[in-house]
Amino acid sequence: MDPITLLTFFVLSVFVGFEVVSKVSSTLHTPLMSGANAIHGIILVGAIIVAGQAENVGLLIVALIAVLLATVNLVGGFVVTDRMLEMFGGRKQPAKATTEEGAR
Amino acid sequence: MDPITLLTFFVLSVFVGFEVVSKVSSTLHTPLMSGANAIHGIILVGAIIVAGQAENVGLLIVALIAVLLATVNLVGGFVVTDRMLEMFGGRKQPAKATTEEGAR
Amino acid sequence: MSLLSIEATALLYLVAAVCFILALKGLSSPKSARRGNLIGAFGALVALVTVFLSTELDNLALIIATILVGSAIAAPISRRVAMTQMPQLVALFNGVGGGAAALVAMLELTHVEGIGAVIAVAFTVLVGAVSFSGSVITFAKLQELMPTRPIVFPGGPIVMSLVALASLAAAVWLVISGDPLASYVLLGLGLVLGVLFVLPVGGADVPIVISLLNAFTGLTVAASGLVLGNTLLLVAGTLVGASGTILTRAMASAMGRSVAGILFGAFKGGSTAGSTVASDRPVRSSSAEDVAILLGYAQRVIVVPGYGLAVAQAQHTMAELATTLEAKGIEVVFGIHPVAGRMPGHMNVLLAEANVPYEVLQEMDEVNPQFKTADVALVVGANDVVNPAAKSSPGSPIYGMPILDVASARQVVFLKRSMRPGFAGIENELLFEPQTTLLFGDAKESLTKVLGAVKAL
Amino acid sequence: MSLLSIEATALLYLVAAVCFILALKGLSSPKSARRGNLIGAFGALVALVTVFLSTELDNLALIIATILVGSAIAAPISRRVAMTQMPQLVALFNGVGGGAAALVAMLELTHVEGIGAVIAVAFTVLVGAVSFSGSVITFAKLQELMPTRPIVFPGGPIVMSLVALASLAAAVWLVISGDPLASYVLLGLGLVLGVLFVLPVGGADVPIVISLLNAFTGLTVAASGLVLGNTLLLVAGTLVGASGTILTRAMASAMGRSVAGILFGAFKGGSTAGSTVASDRPVRSSSAEDVAILLGYAQRVIVVPGYGLAVAQAQHTMAELATTLEAKGIEVVFGIHPVAGRMPGHMNVLLAEANVPYEVLQEMDEVNPQFKTADVALVVGANDVVNPAAKSSPGSPIYGMPILDVASARQVVFLKRSMRPGFAGIENELLFEPQTTLLFGDAKESLTKVLGAVKAL
Ligand SMILES: NC(=O)c1ccc[n+]([C@@H]2O[C@H](COP(=O)([O-])OP(=O)(O)OC[C@H]3O[C@@H](n4cnc5c(N)ncnc54)[C@H](OP(=O)(O)O)[C@@H]3O)[C@@H](O)[C@H]2O)c1
Ligand SMILES: NC(=O)c1ccc[n+]([C@@H]2O[C@H](COP(=O)([O-])OP(=O)(O)OC[C@H]3O[C@@H](n4cnc5c(N)ncnc54)[C@H](OP(=O)(O)O)[C@@H]3O)[C@@H](O)[C@H]2O)c1
C-alpha cells in the first residue's frame, strides 16, 4: 500500500480516536483504559503472521513468544474489562438493581 | 485505488463527521450548516479536472457550468459563513465587547 | 502542468482534508467557529492550487476565467445579502454544489470503468439533481417567490412514488448500459423529484430540509470522489454527509420534530404548517398608545422576539425602541429562544445586525428566572416559543419543548397581526389570560407606532 | 490456508476496525460500556479468524497451541484477580502487548523494504521495549513487590539522558544498516529506558503512567501495521494511541496534575509523592470504643472512603460495619469522590465487590449537600479528597479540585495510621478542627475494632 494511503488512514484514525474519547467522565477512566489496552492486543494478528513465516527454529521461538504475549494482552484485556464493567454496570441503574434485589 | 481502501476512507470519515458534530449547541446550527455547505464546494476540484479533459465544445461548456456552480458554492459558502460568524463572534465575549465599546 | 509528483499531490490533498476536519471541529464550538471557517477556506485554497499544479489540464484559461466569474458573482452577493436572507442563500449555494456534482459525474461517465464507479455516477446524478432542484424550491419559498405554506396537490404522493420509481429504473438502465442518454433522463427525473420532495414542506421546516439537502450534496461529492478516484473529494464529501446527517437530526430535535415527520407530514395530513384558522375567542386588544404607556412606566422590560420580527424585518425598529426605553432609565433585555425565528440562532444574528449590544441578548436559561421580576414581557412576532401548552398539554405538538416563561411577567404584550396560531398551529392560551394585551398589526408598523408614542410620553 | 480473497480479507479487517471504533465509543458512556467491550472482543475474533483463513501459515499447530496456552493463562487470572489488583493487571497486559509488538517488528526487520518501514521497525522496537519494562515496573510497584514511593538516585537524570541518547543512536544505526544486531541493542536499551522512566514516579501517579504506556503500545501496534502493511493494525493501534493520549490528559487533569509534571516531577524535586513528614501539631485522638459510641448513637452517617481503604483492603469490614449500623436503624451512605483511591472509579469497584448496595454509593454532587444534616462523617483512609485547602488556599497543589464537604458534618472521624499527609503531601487543617476525632491504626484493624465495639453496644 502506498505511504500516503497509510498516512491518510493514520490521520483519520487519530481524529476518530481523539473525538470518541474526549469528554469521558472520570468514573470510566479505568475501564476505558483497560478496554483500549485490550484493543491493542490485536498485535496478535501480526504475531501470528510472523510466526507463520518463521524460517528457522530460533525465529519461530521468538515469534511464538510474541504470540503468547499478544494472546495474554488480548484475552486478558477483554476479560478484565468485562469484569470491571460488570461491577460498574449495576451502579448506573440503581432503580432496577433495587427492584431485582427486592424480588429475591 | 482499490475499492476497500476507498471504503475504509469512507467509513473513517463517517465516524469523524459524526463525532465532530455531535452535541453542538442549537445556536451554532446555522453557521455549522453553512460551513459544511462551503466544504462540499470542493467539488470544484472535480469540475476543474473534467473541464481540463473535455474532448469537445459541448462537454467543455457543461464542464465550465459545473466549474461556475462549484465556484459559487465554494466561495459564497465560505464568505457567507464568515459573515454570519462575525456577528456571532462578539456575542460570546460580552465582557470584552463592553470594554471596547466603553473605550470608544 | 504536472509540477507535483503523485505523492506530493496526495499529501497536499490530505492536508486539505485535515483542514476541513479542523474546520468542522472549529465550527461546532462558538469560540473557534470563525477560525474554523477560515481554516476550511485555507484547505480549499490548498486543494485548488494542488489541482492546478498536479493535473495536465486543457482549456486552462477558460477554466480560470470561469472561476473568476464565479467568484465575482458569489463574493459580492454573499457580502451584501441581508442577514434575514442568509438561509435562502445557503440553500442556493448548496443547490449549485449538488448541480455541479451531478454534472461532473455525467461527464465522467464515459471515462469510468467497473460497475462500482457507474453506480456512483448514477447516485451522484440522481441525488445531485434532487439537491439542486430541491434547494432552488427552498430558496424560492424562503425568498417568498412562492408561497411558504406546504403545497399539496391531490394525488401528490402517487406522482411522487411514480417519479421515484422511474428514477430508480433510469438509474438501473444507466448502470447496465452505461448509455449517456440514461444519465440525461436520470438528471431530468432527479430534478422533478427534488421539486416534488420539497413542495409539501412548510416554511418553518425549510431549514431542516436545507440541512438534509446539504448532507445529500456532501454524499454526492463523496461519490464523485469515488468516480474520479480522488481521496479529498471522498473524505470531504463524506464528512459533510455524516455531519450534515447528525446536524439535521439535531436541528429537528431542537424544535421537537422528527425528520420523517417533516418530509412526509404534509402528505400524511398531520401537516407541518399546523392549522392556520384564526381563533374567535375574545381577547383584550389595545392601541399603540396604551402599549407605550405600559412600557414607559415599567422598570424592567423583557423583549421576546420571534419569527414575526424576522418576517416583518422589524429588528431595527425594535432596537431603536429598546434604546429609547433605556434612555428613560428602563431596563430592557432580550430573551432569545434557541429556535425562535426561521433558523437556529436567527434572533442572535438579526439583533446583532441591528446593533443590539451583546449583553442585553440573553439565552433562555439566563432570562427565564427574570420574568418574575419583569413588569412587561413584550412578545414581538413570537408564539410557539412562549406557548404554555409546551408545559401543560401532553397531547400538543410542541409538548416538551422548553419555552420562555413570559407567563410569570406582570404584564404580557403580544404584537401580532391576527389571531392565527404560530408555526405549530396550536392555540396559545396565554393570549386569553387576564394579564395579556394584544396589539394587532405588522410587527414593524406596530413597533413604529409604539416608538412614536413612547417618544411622545 | 488462503480461503479468502484479498478483497474479502481487507473487508473483514475493516469490519474488525469498525468494531474497535464502536468499542471505544461504547466504553466512553456508562450505559453502553459493557456492550462496547463485547463488540471489541467480537472484532478481535473476526480479525483472528480472518488471519487464519487468509494467510499461508506454517507452524499452524504450534501457533494455535500457543494461543490456547496464552488464553489458558490470561483468562483465569483475569477472572479471579481481586478488584484491588486490577490496575497492576492492566499494566501487565499492556506491557506484554508492547513486548509482542517489539518482537514482531524485530522479526519483520529482514523482510521489510524501504527506509520508512525500517524507521517504523526501529520505533516499534524501542517504544515497545519501553512500554514492556515500564509496565513491569508499574506492576511491581502496585503489587508492592517494590516500594511505591518515587525512586530517585543521584545522577538519575544524567543516566536517563545518556540511555535515551544511546537508544537514539542505536535507532539511527538500525535505520542505516538494517543490521539485526542493532535491533537487539535497541531492544535492550529500550528495556533499560522503560525502567528508568517509571522508577521516579510515585505510587498514586502510576495509573496515569499506565495510561501513557497504553497509548505508547497503541502507537507501536500502529507502526507494526505500517511494517506489515496491515490496515487493521494501523487503524486499531492509532485509535488506541490517540484515545490513550486524550485519556492520559483527562486522567491527569481530573486529579489536578500535569503529565509532564508527573513524569519529570521526581527529577525536578517537586516530587509527586509530596511530603511524607508527619505533623506534630496536637489533635484529638480517641479509641475504637469512643468511635463506636459516636456511630451507634448517630442518625445519619456518611462514609468517605479513600486510598487507605484500598491499601488496607478494608472494604469488606467497612461493608459489614455499614450493615450493622443500618440494622440499628442508622442511615449510612457512602460519598464517593471521583479520584479517591488508586485509580479513577476505584471506590465504586471496591465497594461493589464488597456487595455494598448501589443505592448507598453516592457521587460527589449528590452527597455534598447531605453533609450538613449528617451526624458523623467517617473518613476511612481518605485525605486529599476532603482537604479544605482545595477551596481555601490558592497556593496548594490541590487548589481547585472539587472536594467532599465533610467539614459541615457535626462530627468528623478520621481513620488513618499516622499524622502523615495524603498523596498531595499537604497538611489537612480539618484534622485540627474541634469537631474532628482521629482513630489511629490500619484501616482494616481499626474498622474491625469499631465493628466489635458497635456490636457490643
Ligand atoms: N428557529 C428555527 O430554526 C426554526 C426552524 C423551523 C421551525 N421552527 C419553529 O418555528 C417556531 C418559532 O417560534 P416563534 O415563536 O418564533 O414563531 P411562531 O410560533 O411561528 O409564531 C410567529 C408569530 O408571529 C406572528 N407574525 C407573523 N408575521 C408577522 C408580522 N409580519 N408582524 C407581526 N407578527 C407576525 C404570527 O402571528 P400572526 O400570523 O397572527 O401575525 C405568529 O403568531 C417554533 O415552533 C419552532 O419550532 C424554528
Ligand atoms: N483515583 C485516582 O485515579 C488517582 C490516581 C492517582 C492519584 N490520585 C490522587 O490520590 C489522592 C486520593 O485521595 P485520597 O483522599 O483517596 O487519598 P490520600 O489523600 O492519598 O490519603 C490517603 C490517606 O489514607 C491513609 N492511609 C494509607 N494507608 C492506610 C491504611 N492502611 N489504613 C488506614 N489509613 C491509611 C493515609 O494516612 P496515613 O499514612 O497516616 O495512614 C492518607 O492520609 C488524590 O490526591 C488524587 O488526586 C488519585
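Worth knowing before you read on, the calculation uses all heavy atoms, side chains too, and leaves out hydrogens, waters and symmetry mates. Proteins come first, then strands; the chains are lettered A, B, ... in the order of their sequence lines, and each starts at number 1.
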Heavy-atom pair count under 4.5 Å with chain B, highest-scoring of [options]:
options: C:Gly95, C:Ala65, C:Ala44; result: C:Ala44
options: C:Leu239, C:Thr66, C:Thr220; result: C:Thr66
options: C:Ala33, C:Gly98, C:Ser78; result: C:Ser78
options: C:Val69, C:Thr245, C:Val81; result: C:Val81
options: C:Asn37, C:Leu27, C:Asp58, C:Val104; result: C:Asn37
options: C:Gly229, C:Ser71, C:Gly36; result: C:Ser71

Counting only non-hydrogen atoms closer than 4.5 Å, does [X] touch chain B with its backbone (N, CA, C, O), its side chain (CB onward), both, or neither?
X: C:Ile67; result: both
X: C:Leu228; result: side chain
X: C:Leu68; result: neither
X: C:Val339; result: neither

Mind ranking [options] by heavy-atom pairs under 4.5 Å with chain C and telling me who comes out on top?
options: B:Val67, B:Val79, B:Val72; answer: B:Val72
options: B:Ser22, B:Ala54, B:Ala70, B:Ala51; answer: B:Ala51
options: B:Leu64, B:Leu6, B:Ile65; answer: B:Leu64
options: B:Ala36, B:Ala47, B:Gly35; answer: B:Ala36
options: B:Val16, B:Thr5, B:Ile48, B:Leu59; answer: B:Ile48

Could you state the interatomic distance from [atom1] ([X]) to [atom2] ([Y]), rounded to the nearest 0.5 Å?
X: C:Ile73; Y: B:Leu68; atom1: CD1; atom2: CG; answer: 5.0 Å
X: C:Thr238; Y: B:Phe18; atom1: OG1; atom2: CZ; answer: 11.0 Å
X: B:Ile42; Y: B:Asn73; atom1: CD1; atom2: CG; answer: 10.0 Å
X: B:Ile39; Y: C:Phe20; atom1: CD1; atom2: CZ; answer: 6.0 Å

With distance as the sole test, does [X] use its side chain to make a donor-acceptor pair with the main-chain N or O of [Y] at under 3.5 Å?
X: B:Ser34; Y: B:Thr30; value: no
X: B:Asn37; Y: C:Val90; value: yes
X: C:Arg35; Y: C:Ala23; value: no
X: B:Arg83; Y: C:Arg79; value: yes
X: C:Ser32; Y: C:Gly26; value: yes
X: C:Ser28; Y: C:Lys25; value: yes

Heavy-atom contact with chain C under 4.5 Å, split by part of [X]:
X: B:Ala38; value: neither
X: B:Glu55; value: side chain
X: B:Leu74; value: side chain
X: B:Leu12; value: neither

**Message:** Around atom CZ of C:Phe334, are there more than 12 heavy atoms from other residues, nucleotides or ligands closer than 6.0 Å?
**Reply:**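 For C:Phe334, atom CZ is crowded (more than 12 foreign heavy atoms under 6.0 Å).
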Mind listing the side-chain donor-acceptor pairs of residues 209-219 of chain C below 3.5 Å, one per line with the distance, residues two or more places apart or on another chain?
residue  : atom : partner  : partner atom : Å
C:Ser211 : OG   : C:Thr248 : OG1          : 2.9
C:Asn214 : OD1  : B:His40  : NE2          : 2.8
C:Asn214 : ND2  : B:Met33  : O            : 3.1
C:Thr217 : OG1  : C:Asn94  : OD1          : 3.0
C:Thr217 : OG1  : C:Ser131 : OG           : 2.5
C:Thr217 : OG1  : C:Leu213 : O            : 3.0

